[in-house]
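Questions regarding the structure given below will be posed in turn.
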Amino acid sequence: MTITFDDNLITGNDTIDEQHQELISRISDFVKACEAGDSKIKAVKMLDYLDEYTNFHFNAEEELQKQVNYPELSKHHEKHEEFKKTIQSLYVYLDDIEGPDEKFTQVVKTKVVDWLFGHIKTYDRSIAEYINIVDNPERL
């Protein structure tokens, strides 16, 4: 499966978009390692790599929302927490198997890739639109 940042994922906020590009690159690397049947150790390291950047990105995104008094911050935070729980469940899953198998890879595609792409196209675009309105009040 090819996982790339494309025009459908652009929010219009440079900071968010740059971080999404990095996050999607890390997810792509993780999925490739899973599809290749890499060792459990490598899969865990790749998941660590993804988990680290996910936390950085979510914190940065929520800080940006606080700065502009984004009214949906708590709802957005809940969605981020949901995703973090998914990442933690992947650690548990990996702990129970020898290495990433086809079922694990499918879970990653559904609960990580599909979730993130949907989140970007809805929740994160809303933030970018709100910031654009706040930064350009004369447009109202």
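We number each residue from 1, following the sequence as shown.
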Is the shortest heavy-atom distance from the side chain of I127 to the side chain of N13 under 4.5 Å?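 Not touching, per the 4.5 Å side-chain cut-off.
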The test is side-chain contact (heavy atoms from CB on, under 4.5 Å); show your working for H76 and H119 and say whether it passes. CA-CA 9 Å; H76 203 110; H119 180 80; 3.2 Å; yes
Quick check: do S126 and Y130 have side-chain heavy atoms less than 4.5 Å from each other?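 No, too far: nothing below the 4.5 Å cut-off.
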Hey, can you tell me if F58 and H80 have their rings parallel, tilted or perpendicular (30° and 60° cut-offs)?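 The rings of F58 and H80 lie parallel, inter-plane angle below 30°.
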Please list every donor-acceptor pair under 3.5 Å in which a side-chain atom of residues 46-53 meets a protein atom from a residue at least two apart or in another chain.
| residue | atom | partner | partner atom | Å |
| --- | --- | --- | --- | --- |
| D48 | OD1 | Y91 | OH | 2.5 |
| D51 | OD1 | N55 | ND2 | 3.4 |

K84 side, atom NZ; H77 side, atom NE2 - distance, nearest 0.5 Å: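 It is 6.5 Å, given to the nearest 0.5 Å.
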Might you confirm whether atom NZ of K40 has over 12 heavy atoms from other residues, nucleotides or ligands at distances under 6.0 Å?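 Atom NZ in K40 is crowded, with more than 12 foreign heavy atoms closer than 6.0 Å.
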Would you say F83 ends up clustered with L9 if hydrophobic residues are merged whenever their side chains have heavy atoms under 4.5 Å apart, either directly or through other cluster members?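 Hydrophobic grouping puts L9 with F83.
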Tell me, with the steps shown, if F117 and I3 meet side-chain contact (heavy atoms from CB on, under 4.5 Å). CA-CA 10 Å; F117 282 22; I3 302 166; 3.8 Å; yes
Within 6.0 Å of CD in E98, more than 12 heavy atoms from elsewhere: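 Not buried by this count: 12 neighbours or fewer within 6.0 Å.
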Minimum heavy-atom separation for P100 and A33, please, with both atom names.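 The answer is CG-O, 4.5 Å.
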Would you compute the distance between atom CD1 of I131 and atom CD of E129 and round it to the nearest 0.5 angstrom?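 If we round to the nearest 0.5 Å, I131:CD1 and E129:CD are 10.5 Å apart.
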What pair of heavy atoms forms the shortest contact from G118 to T122, and how long is it?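 Nearest pair, atom of G118 first, then T122: O-OG1, 2.8 Å.
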Got more than 12 heavy atoms from elsewhere within 6.0 Å of NZ, K121?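 Counting neighbours around NZ of K121, more than 12 heavy atoms of other residues, nucleotides or ligands fall under 6.0 Å, so yes.
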State yes or no: do L116 and Y123 share one hydrophobic cluster built from I, L, V, M, F, W and Y residues joined by side-chain heavy-atom distances below 4.5 Å, directly or via other members?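 L116 and Y123: separate clusters.
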I need the K45 NZ to S39 OG distance, nearest 0.5 Å.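 Rounded to the nearest 0.5 Å, the NZ-OG separation comes to 8.0 Å.
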Note, Q19 side chain near F56 side chain (heavy atom, < 4.5 Å):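 Q19 reaches F56 side chain to side chain.
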Hey, can you tell me if H20 and F5 have their rings parallel, tilted or perpendicular (30° and 60° cut-offs)?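 Judged by the thresholds at 30° and 60°, the geometry between H20 and F5 is tilted.
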Check: I24 and T4 side chains under 4.5 Å, non-hydrogen atoms: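 Not in contact.
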Check this for me: does any side-chain nitrogen of one of E62 and K66 sit under 4.0 Å from a carboxylate oxygen of the other?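 Salt bridge between E62 and K66, a charged N being under 4.0 Å from a carboxylate O: no.
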Report yes or no: does D17 contribute a side-chain atom to a donor-acceptor pair with the main-chain N or O of T11 at less than 3.5 Å?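 Answer holds: yes.
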Same cluster (ILVMFWY, side-chain, under 4.5 Å), I97 and V31: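 Yes; V31 is reachable from I97 via cluster members.
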About how many Å separate NZ of K32 and OG1 of T105, when rounded to the nearest 0.5 Å?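 Interatomic distance, T105 OG1 to K32 NZ, rounded to 0.5 Å: 14.0 Å.
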Decide yes or no for W115 and E82: does some side-chain heavy atom of the first lie under 4.5 Å from some side-chain heavy atom of the second?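 A side-chain contact under 4.5 Å exists here.
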To the closest 0.5 Å, what do you measure between CD (Q21) and CD1 (I16)?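 Here the rounded value is 12.5 Å.
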Can a salt bridge be assigned to the pair K75 and E78 using a cut-off of 4.0 Å between side-chain N and carboxylate O?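 E78 and K75: not salt-bridged.
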Going by heavy atoms in the side chains, are L64 and Y70 under 4.5 Å from each other?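 Counting from C-beta outward, L64 and Y70 never come under 4.5 Å.
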So, for D124 and E61, which heavy atoms are closest and what is the spacing to 0.1 Å?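 Nearest heavy atoms, D124 then E61: OD1-OE1, 3.0 Å.
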So which heavy atom on C34 is nearest to which on F104, and how close?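 Where C34 meets F104 most closely, the heavy atoms are SG-CE2, 3.5 Å.
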Please determine whether a side-chain nitrogen of the Lys or Arg among K109 and E35 lies less than 4.0 Å from a carboxylate oxygen of the Asp or Glu.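 A salt bridge links K109 with E35.
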